[in-house]
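Notes follow the structure.
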Amino acid sequence: MLAQELHAAKDLRLVRRSIEPPAEDEVQIAMRATTLCGSDLHYFTHFANGDFKIKEPLSPGHECSGVIVAVGAVVEKNRDLKVGDRVAVEVGVPCGDCDRCVEGTYNVCSKLRFRSSATVFPHYQGTLQQRFNHPAQWVHKLPETISFAEGALLEPLAVAIHAVRKAGAKKGASCLVVGAGAVGLLCAAVARRFGYRYIVLADIVQNRLDFALFHGFADAAVKLPVRRSRTTEEGLAFAKEDAETLSQQNGDKAFDRTFECTGVESCVRTSIYATRNGGKILLVGMGTPVQTLPISAAALREVDIIGVWRYANCYPRGIELMEHAGRDGIPDLKKLITHSFQGLEEAGAAFDMAAKTCDEEGRLVIKVVLENAE
Ligand SMILES: NC(=O)c1ccc[n+]([C@@H]2O[C@H](COP(=O)([O-])OP(=O)(O)OC[C@H]3O[C@@H](n4cnc5c(N)ncnc54)[C@H](O)[C@@H]3O)[C@@H](O)[C@H]2O)c1
Ligand SMILES: OC[C@H](O)C(O)[C@@H](O)CO
């Protein structure tokens with residue numbers, strides 16, 4: 001079978017691989033759709049994602065759906081999954097034995113293997129393959145009403161659900177979402193579904209904000225200036241100023257919850273100042289690993305800064321949400337898939353598109369999907 005493999009930065013090769021039949025607790029999946037994520041793009045462009053460097057050829061892709069084409073003996077006996085089922089793939093496979101797995105927070109299992117990520121070695125190959133075997137426990141049946149592309153989008157949606165669950169706000173809360181990329185927009189959509197009253201989005205790119213407002217992802221949008229500070233003091237002053245501008249959109253009040261979805265240091269600073277006393281900040285974005293932050297402006301006002309790492313037990317809720325997208329107060333999530341490429345051989349072109357803010361015709365690029373018929 002065919003697979004896309006990264007051998008160096010921008011050196012993507014279509015290779016042939018052999019595939020074994022699935023083990024007794026596995027299913028074999030024919031990949032139908034993979035949406036590309038910023039981390040895939042980082043690996044494609046730099047052969048690394050922050051501190052994680054690729055050590056051997058790696059197939060990118062971890063936002064994936066497909067069709068079951070073979071099942072292992074135990075799976076066959078249990079009859080939960082069968083050949084022909086359409087499924088979304090939860091691509092992180094935890095150890096199942098450690099304390100974190102037992103308590104259900106398997107997303108922070110230290111032995112978790114995550115497809116397409118160079119965090120573990122040997123790497124766990126990503127989903128830009130015609131077929132792959134995966135533990136049956138970590139696939140989720142898709143209803144007919146959810147397309148393969150939407151099925152792939154369940155992965156970043158799971159991140160957003162996890163973040164909003166951790167935020168634990170009461171109905172009627174206000175929230176700020178910094179960063180109107182796919183993850184920020186999904187956080188806004190989930191926040192809306194979970195009963196937030198007022199959602200403000202911030203970004204430095206106007207057309208992302210226009211898109212968000214047009215499709216009902218937010219109640220208000222603020223274009224932040226691109227800040228270049230020469231000193232920490234100046235950077236903190238900018239952050240206070242930006243926080244004030246943002247609070248003006250919330251009746252001059254700081255926000256109950258802030259979802260930081262850029263990872264950019266200046267945005268984390270702004271998030272601290274923009275969150276009310278006793279509020280919470282969810283750090284979803286992954287940016288510079290070491291940052292200079294006004295920590296006492298958080299601690300002395302009991303603003304909790306909460307880490308968010310992937311998701312645990314979020315796919316079932318994601319499927320429910322996806323089924324209602326476009327109605328019941330949930331924005332139409334499939335609008336996030338702005339560009340589609342057909343066939344594994346188009347992966348390079350798909351990555352080139354994912355690297356752009358707008359395509360040649362000036363249309364916004366948010367999520368790029370690579371679909372594969374066989
Ligand atoms: N914690 C997790 O488990 C997890 C999972 C998935 C993604 N992520 C991270 O979430 C972040 C968002 O992912 P995405 O796919 O939406 O990325 P993206 O690149 O599509 O979106 C980022 C957005 O932030 C905006 N932005 C950049 N600099 C800004 C600034 N200074 N001020 C305001 N806005 C700014 C960009 O214009 C863009 O719209 C990334 O850092 C990604 O690595 C984290
Ligand atoms: O949703 C999962 C994330 O996209 C990945 O963990 C990635 O961003 C980090 O390698």
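Given the structure is predicted, the values throughout are model-derived calculations rather than measurements. Remember, it's 1-based here, ligands and their atoms both numbered in the order they're listed.
- Checking only distances, E155 does come within under 3.5 Å of ligand 2, N or O to N or O.
- Under a 4.0 Å heavy-atom criterion, A180 is in contact with ligand 1.
- Ionic pairing of K223 and D203 is not present here: no N-O contact between side-chain nitrogen and carboxylate oxygen is shorter than 4.0 angstrom.
- Contact annotation: for W309 versus ligand 2, heavy atoms closer than 4.0 Å belong to the side chain alone.
- Heavy atoms of C267 come nearer than 4.0 angstrom to ligand 1 in at least one pair.
- Every atom of ligand 2 with a heavy atom of S39 under 4.0 Å away is listed here by number and element: 7 (C), 8 (O).
- Enclosure of atom NZ in K253 is not indicated, since only 12 or fewer non-hydrogen atoms of other residues, nucleotides or ligands lie within 6.0 angstrom.
- Contacts between V159 and ligand 1 below 4.0 angstrom, taking non-hydrogen atoms only, involve the side chain exclusively.
- Residue contacts with ligand 1 for R208 involve side-chain atoms from C-beta outward but no N, CA, C or O (heavy atoms, distance under 4.0 Å).
- Contacts of T119 with ligand 2, taken as heavy-atom pairs under 4.0 Å, are absent altogether.
- You'll find the ring centres of F114 and W309 outside the 6.0 Å limit.
- Closer than 4.0 Å to atom 1 (N) of ligand 1 lies at least one heavy atom of the protein.
- Side chains of S296 and R301: no donor on one and acceptor on the other come within 3.5 Å.
- Residue-level proximity to ligand 1 for V264 is carried by the side chain, the only part with a heavy atom below 4.0 angstrom.
- The shortest N/O to N/O separation between Y43 and ligand 2 does not fall below 3.5 Å.
- At a heavy-atom distance under 4.0 Å, atoms from both the backbone and the side chain of I204 approach ligand 1.
- Residue contacts with ligand 1 for C261 involve N, CA, C or O but no side-chain atom from C-beta outward (heavy atoms, distance under 4.0 Å).
- Within a 4.0 Å radius of atom 17 (O) of ligand 1, the protein contributes no heavy atom.
- At a 4.0 Å cut-off, at least one heavy atom of H62 sits close enough to ligand 2 to count as contact.
- Taking each of L283, V222, D203 in turn, the one with a heavy atom nearest to atom 25 (C) of ligand 1 proves to be D203.
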